[in-house]
Number of protein chains: 2
Amino acid sequence: MINRQTYPDHVVEHVCGLLRNGQLQPGDKVRESHLAADLGVSRAPVREAVRHLVGEGLLDYRPQIGSIVAKLSPQQIIDSYVARGLLEGFAIADSGHEFSATAKQELRQLCELMEVSAADGDDEALIDAGARFHRQLYGRTENQQLLGNIERLSNKLHLLFYRHWANFYSPDQIRDRHQQLLKLVFEGEGWAVEQGFRQHYIETGHKVAALYTT
Amino acid sequence: MINRQTYPDHVVEHVCGLLRNGQLQPGDKVRESHLAADLGVSRAPVREAVRHLVGEGLLDYRPQIGSIVAKLSPQQIIDSYVARGLLEGFAIADSGHEFSATAKQELRQLCELMEVSAADGDDEALIDAGARFHRQLYGRTENQQLLGNIERLSNKLHLLFYRHWANFYSPDQIRDRHQQLLKLVFEGEGWAVEQGFRQHYIETGHKVAALYTT
DNA sequence: CAAATGTCGAATGTCGACATTTATGGAGGA
DNA sequence: TCCTCCATAAATGTCGACATTCGACATTTG
């Protein structure tokens, strides 16, 4: 058995699941005892999982009080997307090797898939295609340190906000925006690539943040 | 009491202290029982502290085996410094407000202080001045998300490698390198600032990594 | 003699219980 | 009616103990 699955991992998965299906929403209290009871384990592994999620930025934690699902302010939302644009843009611009023809083809197909999914109103497929699109790009970096940071941030934003960004643009716009990014990437001008992705995420960040200015 | 000091915090401080004074070195095993015994607490808070340090990247962890002080490969060292240059450069270039005259003055004095400390062979003062120099720069960002990432990375590199970088350059070079960075920052060309800091850390990263190619 | 195997000690993984702190809700008084 | 205070309940913080797993050494076998 290569990767031994310990209890804390299960708990983390469980909480992520609750976040995904909306049973846990930003601001909700996360009670260790409840998680422990639900999963039939003691609080020790649950505490580890919770502390892990706190480290990931998915939960906010205050000693003696407990933890709640992270509730980012509009500014924090923007900041997070800015940071992601910075990291992803650099990762892509910095990854040395060329794209194979099949890799380019795949990425272009993902743009089409996004448009089709959006047109069909299949948010899940759209979001999944988007995630794959971006991961195929930033995943090319050989800088594992960078990759880890990107994935942490990506996962956090995905779990907290994935519900929303499907509705910001028309199917056409979604395809065009991502095709434009691809054009920058394939042309290979580092600085332009970085600027492009920064802008891409700044815009998304502002749109998401606008939903939380109540 | 604003910030309640819990046991795990003490343990984290303790481990960081051991890293600072060299009693813990990369690759050393970190035993929960020993830490618990040394600090007179049970293993529960120790485990939390260890998991926290794992999240910070200071410890490597393998289930059922335990954790060791992170032992970065030369490539990982370079990657980490590249990431830091990326984050710090952007944070500085992106921070909007101008420098006050006193702020500029303070930064220039830190350059001088670094030179003097290096000339005196006072590594501790040199390292401290360097840390303050960089923190005064990147700390100007209002992007808390970014700041958190920078400080995590900064702290990690500091604790793992602070012993070395004092010896890479002559006192003159140290002062000149940092004065050059200041010049870029004060002139305010965003892209040049980012490039400058990236280069600064790439060079440092390669020098540190070279020490670990045994 | 080398390699595989069995055994033992030690460290981690998990548990249940207790101590401490916080939040809640009601009783009492202004 | 509203505020204050206190009592109660519930959640977190910590502890000690047990179960399980890993690593190392001694032993056996080819």
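A, B, ... follow the sequence lines: proteins, then strands. Residue 1 opens every chain.
Considering only side-chain N and O atoms, B:S33 lies nowhere under 4.0 angstrom from the phosphate OP1 or OP2 of C:dA10.
In this structure, B:E48 atom CD and C:dT14 atom P are separated by 14 Å, rounded to whole Å. Between the CG atom of A:L59 and the P atom of D:dT12 there is a distance of 12 Å, given to the nearest Å. At whole-Å resolution of the value, OH in A:Y7 and P in C:dC15 are 6 Å apart.
Counting only heavy atoms from C-beta on, A:R43 has its side chain closest to D:dT14 among D:dT14, C:dA11, C:dG13. Distances were taken from every side-chain heavy atom of A:E32 (C-beta onward) to each of D:dC15, D:dA11, D:dG13; the shortest belongs to D:dG13. Side-chain atoms of B:P45 lie closest to D:dC15 of the nucleotides C:dC15, D:dC15, C:dA11. Each of C:dA11, C:dT22, D:dG23 was ranked by its minimum atom distance to the side chain of A:I65; first place goes to C:dT22. Taking only side-chain atoms of A:S42, from C-beta outward, the nucleotide of C:dC15, D:dT14, C:dA23 with the closest atom is C:dC15. For B:T6, the side-chain atoms get nearest to D:dT14 when compared with the rest of C:dC15, D:dT14, D:dT12. Comparing atom distances between the B:P8 side chain and each of C:dT22, D:dT14, C:dG13 picks out D:dT14 as nearest. The listed nucleotides are C:dT21, D:dA11, C:dA11; the one nearest the side chain of A:H34 is D:dA11. Nearest to the side-chain atoms of A:Y61 among the listed nucleotides C:dA23, C:dA11, D:dT12 stands D:dT12. With distances taken from any side-chain atom of A:R47 to the nucleotides C:dT14, D:dG13, C:dT12, the minimum falls on D:dG13.
Within the 4.0 angstrom heavy-atom criterion, only backbone atoms of the sugar-phosphate kind lie near B:V30; the bases stay farther away.
If B:R51 and A:R62 are placed on DNA chain C by their nearest nucleotide, the residue sitting closer to the 5' end is B:R51.
The cationic atom of A:R20 (NZ for Lys, CZ for Arg) does not lie both less than 6.0 Å from the six-membered ring centre of A:Y162 and within 45° of the ring axis. Seen from the ring of B:F99, B:R140 counts as a face-on cation partner, given the 6.0 Å and 45° thresholds. Under a cutoff of 6.0 Å and an axis angle of 45°, B:K207 and B:Y169 form a cation-pi pair.
B:Q145 pairs with exactly one of A:R84, A:K156, A:Q75, A:Q76 by the side-chain hydrogen bond (donor to acceptor under 3.5 Å, both in side chains) rule, that one being A:K156.
Closest of all the heavy-atom pairs between B:S154 and B:Y138 is OG-OH, 4.0 Å.
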